[in-house]
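Report on the structure given below.
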Number of protein chains: 2
Amino acid sequence: MAYKIKSRIWIESENNVLLGEGRVHLLKAIQNTGSLSKASKSLNISYKKAWQLLDSVNKSAKKPVTINSIGGKGGGGAELTDYGKSLILAFDDINRNCWAFLDKQLEKIKSL
Amino acid sequence: MAYKIKSRIWIESENNVLLGEGRVHLLKAIQNTGSLSKASKSLNISYKKAWQLLDSVNKSAKKPVTINSIGGKGGGGAELTDYGKSLILAFDDINRNCWAFLDKQLEKIKSL
DNA sequence: ATTCGTTATATTTGTCAATACATAACGATA
DNA sequence: TATCGTTATGTATTGACAAATATAACGAAT
């Protein structure tokens, strides 16, 4: 059976993690559901973990990635900013390209 | 301050990790010291952890990566096989290329 | 046979992180 | 003002992983 090359990439800001695969999943789930609590349920993670992740993202980013509102109609909610959407697009693009790149590198260990 | 892209790559065999950065460090230390126990000391990890890592490497690889000897002159020792050396070279090469690749991708988030 | 430094392994202990649980704060609406 | 489903936190418990400790097995050399 052949060896495989796996990878993980992430974006850091001042030595803090800004975006990784898990955080991107969370942001996409927020985009789909309109709230952090619904997003956490859809990802099968605790609300607290989701909140900590999102808090970390917003604290690491140069500009807000989500707008969170407490109380009011529906109890509140969370939605992505345009900046947040562009971050996700950039991450996904780089990640896909990285996979393609490593796929080519696979040649180098095919004979091993 | 600008965002940074970080990455980690590893080689898998049958869903088991074969080589990552830590394992490569260990193999290089074995190459330099001639024994697993000396290698573990030079990396400041316990002998047990080093042994578990090396055991996992040898069990995941298609061919032996090290030759370990017990007892005898000097008490024994461990040394890399030619196969192990070529694995290290391939990993380092791919890893370096991946860094260079991601450095180019950095353009895409420069404006964010 | 004894010694030696190593590889090899089991067992216990400690540490850290994830999880679960609980609760406060909020503000539009009725 | 009472209600509602959120966001926002604190606290306690659990569980997985790391570390420490201990010891067996080995075989060349003396």
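The chains referred to below are lettered A, B, ... by the order of the sequence lines, with proteins before strands, and numbering in each begins at 1. The model shown is predicted, which means the values in this text are computed figures rather than measured ones.
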Distance below 4.0 Å between [X] side-chain N/O and [N] OP1 or OP2:
X        : N       : answer
Lys73(A) : dG27(C) : no
Asn68(A) : dT6(D)  : no
Trp51(B) : dA8(C)  : yes
Ser37(B) : dT7(C)  : yes

Provide, to the nearest angstrom, the distance between the [atom1] atom belonging to [X] and the [atom2] atom belonging to [N].
X        : N       : atom1 : atom2 : value
Lys41(B) : dA20(D) : NZ    : P     : 14 Å
Asn44(B) : dA19(D) : CG    : P     : 11 Å
Leu54(A) : dT9(D)  : CG    : C1'   : 15 Å
Gln52(B) : dA18(D) : CD    : C1'   : 10 Å
Leu36(B) : dT9(C)  : CG    : C1'   : 13 Å
Ile30(B) : dT7(C)  : CD1   : C1'   : 11 Å
Leu53(B) : dA19(D) : CG    : C1'   : 14 Å

**Report entry** Gln105(B)/Lys108(B) under side-chain hydrogen bond (donor to acceptor under 3.5 Å, both in side chains): CA gap, chis, key distance, verdict
**Finding:** CA-CA 6 Å; Gln105(B) 300 285 306; Lys108(B) 295 178 177 171; 3.0 Å; yes
Query raised in the report: What residue among Val57(B), Leu26(B), Asn58(B), Thr81(B) forms side-chain contact (heavy atoms from CB on, under 4.5 Å) with Thr66(B)?
Result: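 In the set Val57(B), Leu26(B), Asn58(B), Thr81(B), the residue that makes a side-chain contact (heavy atoms from CB on, under 4.5 Å) with Thr66(B) is Asn58(B).
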Query raised in the report: Are side-chain N/O atoms of Ser56(A) and Asn16(A) paired as donor and acceptor at under 3.5 Å?
Result: no
Query raised in the report: Between Ser46(A) and Ile70(A), who's closer to the 5' end of DNA chain C by nearest nucleotide?
Result: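 Residue closer to the 5' terminus by nearest nucleotide: Ser46(A).
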Requested in this report: Hey, which sits more toward the 5' end of DNA chain C by its nearest nucleotide, Gly71(A) or Tyr47(B)?
Outcome: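 The answer here is Tyr47(B).
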Query raised in the report: Below 3.5 Å, does any donor atom in the side chain of Lys48(B) face an acceptor in the base of dT21(D), or the other way round?
Result: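 No.
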Query - Cluster check Leu87(A), Val17(A): I/L/V/M/F/W/Y, side chain < 4.5 angstrom - result: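 Cluster IDs for Leu87(A) and Val17(A) differ.
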Query raised in the report: How far apart are the closest heavy atoms of Ile30(A) and Ala78(A), and which atoms are they?
Result: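 Looks like CG2-O, 3.6 Å.
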Query raised in the report: Which one, dT6(D), dT7(C), dA19(D), comes nearest to the side chain of Lys49(B)?
Result: dA19(D)
